[in-house]
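Report on the structure given below.
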Number of protein chains: 2
Amino acid sequence: MTEQLAGGDLSRLRQLNALAVVHVLRGRPALTLTELSRDTGLSRPSTEDVVLQLQSQGWLEEVQPAPGVMGRPARRYRFRSDAGWVLGVDIGGHTIRVLAADLDGEVRHTVRTPVAITAGRAERLGAVDAAVAECLAAAGLTGADIWAATVGTSGLVDAAGRVVLSVAFPEWTGVHLAQHVGRLVGGTVLVENDSRLAALAETWRGVARYAQHVVYLLAGLRTGTGLIIDGRLHRGFAQAAGEIGALPELGWIRAQEHLRTWTGAPAGTDPDDLAGYVFASAREGDRKAVAVVRRYAKELALGASALVLALDPQLVVLGGGFSRSADVLLDPLRREIEKRCVRIPEIVTSTLGDEAVALGAVKLSLDHLQEHLFDVRTGVAAPVRPAR
Amino acid sequence: MTEQLAGGDLSRLRQLNALAVVHVLRGRPALTLTELSRDTGLSRPSTEDVVLQLQSQGWLEEVQPAPGVMGRPARRYRFRSDAGWVLGVDIGGHTIRVLAADLDGEVRHTVRTPVAITAGRAERLGAVDAAVAECLAAAGLTGADIWAATVGTSGLVDAAGRVVLSVAFPEWTGVHLAQHVGRLVGGTVLVENDSRLAALAETWRGVARYAQHVVYLLAGLRTGTGLIIDGRLHRGFAQAAGEIGALPELGWIRAQEHLRTWTGAPAGTDPDDLAGYVFASAREGDRKAVAVVRRYAKELALGASALVLALDPQLVVLGGGFSRSADVLLDPLRREIEKRCVRIPEIVTSTLGDEAVALGAVKLSLDHLQEHLFDVRTGVAAPVRPAR
DNA sequence: TTACTAATTATGGAGACCTTCAAAAGTAAC
DNA sequence: GTTACTTTTGAAGGTCTCCATAATTAGTAA
């Protein structure tokens with residue numbers, strides 16, 4: 001609990017101050033030494049010393065001084081956010097998505113590759129390979145430039161990066177994604193459940209930005225959850241947290257069934273596409289459709305209420321494919337949750353759309369680097385890809 | 001997420017090293033400078049410097065050198081764990097319990113005062129006052145010596161230390177415990193739900209010592225929970241976490257009803273005492289009693305399963321009054337949980353008995369001090385009671 | 001009494017920080 | 001074009017904290 005940081009000699013102090021400078025400068029435009037000095041609390045001369053050291057290491061870069069200011073023009077330094085790169089990969093049912101981002105988390109290149117929902121393991125992995133290669137090429141990078149990558153997939157994932165169980169794609173069970181993607185890129189490869197990554201993305205760039213405790217609901221053809229507790233992704237002891245839908249009494253397994261019973265769609269419609277027709281009819285006021293949506297919302301709310309009662313989050317975020325129909329789904333969902341819970345959290349709709357998972361994958365990669373590159377214990381090392 | 005610790009000047013380094021020395025020394029017998037130097041990683045001369053400073057501040061004390069060793073006898077220093085004190089108060093239905101512990105968490109004095117279950121607000125608070133006074137007197141302390149105190153109570157507690165809702169004792173609702181106990185002792189007064197404190201105690205001195213994620217079940221006349229996530233007590237956004245029993249579909253409200261239907265007890269038995277008879281009969285193999293216990297276990301398991309599925313803890317701890325009857329309760333509980341959950345955690349019985357809540361209260365007080373007295377950001381201040 | 005052992009004390013040196021002040025490099029006004 | 005003003009840069013001197021090393025001290029063991 002007390003992650004003690006060992007004391008040390010003077011170099012440790014320099015380490016900490018270098019860390020402070022990097023922290024102030026990351027994700028911001030170039031700053032002058034005076035500004036850095038003010039923001040870090042260090043004296044001007046010390047700031048200069050630290051900055052020069054970081055520059056010689058390759059973390060900082062001098063940029064053109066700002067013109068047209070009073071006084072002697074100040075040198076300005078920026079964080080070299082392009083010193084390293086991270087990848088976020090989303091392996092979805094219909095789409096493979098790869099994002100390349102710099103160390104500031106700025107997404108620089110995006111690749112979307114369609115893949116048949118019926119594609120087998122080999123075909124899908126092949127599409128991943130192609131998409132990663134395409135993204136690297138577009139960014140002018142090689143796999144060696146990637147310092148960390150995260151792969152998002154449906155199903156249960158173990159700590160080693162293997163898919164332990166995939167209900168949606170039976171053939172997917174057992175695939176060792178960390179190893180597979182590890183062939184393509186350098187650095188650590190993390191593998192994580194897609195709902196969790198989407199939740200993470202919401203706390204980073206989405207509607208949950210300032211919440212410490214969040215319950216994320218992935219509502220779509222599959223139903224899943226992601227839990228943010230104390231600002232951190234909660235995985236559980238064996239990465240099995242959030243599986244509330246498995247409780248027979250709550251029946252998330254049944255939830256979709258309600259939508260599939262809908263008969264108002266054109267004959268021959270793929271059962272997977274039915275949901276869209278139900279929501280559309282409900283939107284137009286069709287009584288039966290509204291009732292179907294209400295039943296679905298109730299089932300969803302049961303599991304959600306269990307999570308809300310258990311965790312008392314500040315926020316519940318509705319994401320996934322169905323969140324596009326939040327206009328007809330959110331109200332019944334909210335009512336059902338209000339019936340059951342002691343304290344009612346805010347309930348909002350995701351705005352990240354279908355890029356949430358890949359974005360969360362980028363964030364997880366960045367968090368991993370943060371821990372290993374800019375940690376108080378280790379300080380800042382030279383800007384090279386950390387050992388795997 | 002990145003709790004950045006600002007860099008700083010050389011005094012900051014000394015601060016960190018002083019912290020390291022204190023950390024090594026706390027909760028251990030007196031050490032020599034050489035041993036301290038080895039464990040902190042500092043050089044001998046520096047260690048001496050730091051130790052001398054801490055001694056002059058009052059945190060460290062020299063003790064008699066160990067006799068009968070080769071070479072020049074080394075000075076030995078111990079952490080002055082009696083420089084400050086904390087209190088743990090458990091306001092139960094039948095008993096008020098007050099524990100006085102030193103800064104190492106060593107419980108030095110215990111006071112137990114019986115109180116009528118029917119006692120009203122004033123009478124109960126009076127008993128608390130008396131018990132606290134008695135405990136202070138026994139320890140030779142005054143309220144001013146107490147650096148932090150925690151009060152455990154049933155019911156929902158707000159962040160200010162007020163009981164927002166007490167189902168078991170309606171008259172208890174609204175009582176401002178932090179204020180009330182604050183009259184008696186110095187330092188911060190924290191108020192927390194009793195189930196949560198019991199959970200905390202289990203991770204400190206109980207069966208959950210090395211678990212990061214724990215679901216604690218308080219099974220007794222009331223049913224409650226305490227959640228430990230990432231090694232920390234989880235309260236939720238509005239201190240309402242763990243209220244899974246409120247979900248109508250899981251029905252913890254009904255759970256006790258099963259036990260109350262029991263007719264095998266002597267006529268005129270207080271309904272609250274029925275449970276003991278049921279468990280006893282079940283222990284002797286009475287079929288009907290076994291069935292009643294099984295029904296109770298099933299209801300309990302429903303909520304427990306929801307928590308386990310949501311959080312995937314390493315451990316489920318069964319505590320509370322009924323945990324004394326774990327021999328007949330644990331097996332059916334485990335079976336019901338196994339039916340419902342994806343990954344089955346260890347399920348064990350608490351060993352702390354009815355001191356768990358007070359012990360957890362001590363621990364919470366200590367954690368509070370730890371944050372304010374020995375934090376990496378603040379360093380170690382002089383050993384005086386921190387401002388409220 | 002003498003040898004051995006391990007802690008203490010003293011010394012010198014290096015690294016990182018701070019404050020202060022003079023010099024430099026621009027803009028703005030005349 | 002010169003002068004005044006503003007702000008940054010660069011250099012000097014000082015303090016603090018740490019480290020390594022060597023000389024001294026206070027015990028035990030033979």
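Not measured: the values here are computed from a predicted model.
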Heavy atoms only, 4.0 Å cut-off, all strands: where does [X] land among base, sugar-phosphate and nothing?
X       : value
B:Thr32 : nothing
A:Arg44 : base
B:Glu48 : base

Quiz prompt | Shortest non-hydrogen contact from B:His109 toward B:Cys135 | solution =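 For B:His109 and B:Cys135, the tightest heavy-atom pair comes out as O-SG, 4.0 Å.
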Quiz item: Nearest heavy-atom pair of B:Arg205 and B:Gly105: which atoms, and what distance?
Solution: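 Residues B:Arg205 and B:Gly105, closest heavy atoms: NH2-O, 3.0 Å.
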Would you mind reading off the distance between [X] atom [atom1] and [N] atom [atom2], rounded to a whole angstrom?
X       : N      : atom1 : atom2 : result
B:Leu16 : D:dC16 : CG    : P     : 18 Å
A:Leu13 : D:dC19 : CG    : C1'   : 15 Å
B:Met70 : C:dA7  : CE    : P     : 12 Å
A:Asp49 : C:dC17 : CG    : P     : 7 Å
A:Leu33 : C:dC17 : CG    : P     : 14 Å
B:Arg12 : C:dC18 : CZ    : P     : 13 Å
A:Arg38 : C:dC18 : CZ    : P     : 16 Å
A:Asp9  : D:dA20 : CG    : P     : 9 Å

Would you check if the side chain of [X] reaches a backbone N or O of [Y] as a donor-acceptor pair within less than 3.5 Å?
X        : Y        : value
A:Asp145 : A:Thr142 : yes
A:Arg76  : A:Gln64  : yes
A:Asp102 : A:Asp104 : yes

Quiz prompt | Distance in Å, B:Leu33 CG paired with B:Arg75 CZ, rounded so as to fall on 0.5 Å steps | solution =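 The distance works out to 5.5 Å.
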Contact under 4.0 Å: [X] side-chain N or O vs [N] OP1/OP2:
X       : N      : answer
B:Ser46 : D:dC19 : yes
B:Arg75 : C:dT9  : yes
B:Arg14 : D:dC18 : yes
A:Ser43 : C:dC17 : no
B:Asn17 : D:dC18 : yes

Of all the nucleotides listed ([options]), which has the minimum atom distance to the side chain of [X]?
X       : options                : answer
A:Pro45 : C:dC17, D:dA11, D:dA20 : D:dA11
B:Val50 : D:dT9, C:dA28, D:dC18  : D:dC18
A:Arg72 : C:dC18, C:dA7, C:dA24  : C:dA24
A:Pro73 : C:dT5, D:dT8, C:dG26   : C:dG26
A:Leu10 : C:dG15, C:dT27, C:dA25 : C:dG15

Quiz item: How do A:Ser11 and A:Gly71 order along DNA chain C: which one's closest nucleotide is nearer the 5' end?
Solution: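 The residue whose closest nucleotide sits nearer the 5' end is A:Ser11.
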Exercise. Using heavy atoms to find the nearest nucleotide of DNA chain D for A:Ala74 and B:Gln15 separately, return the residue whose nucleotide is more 5′.
Key: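 It is A:Ala74, whose closest nucleotide lies nearer the 5' terminus.
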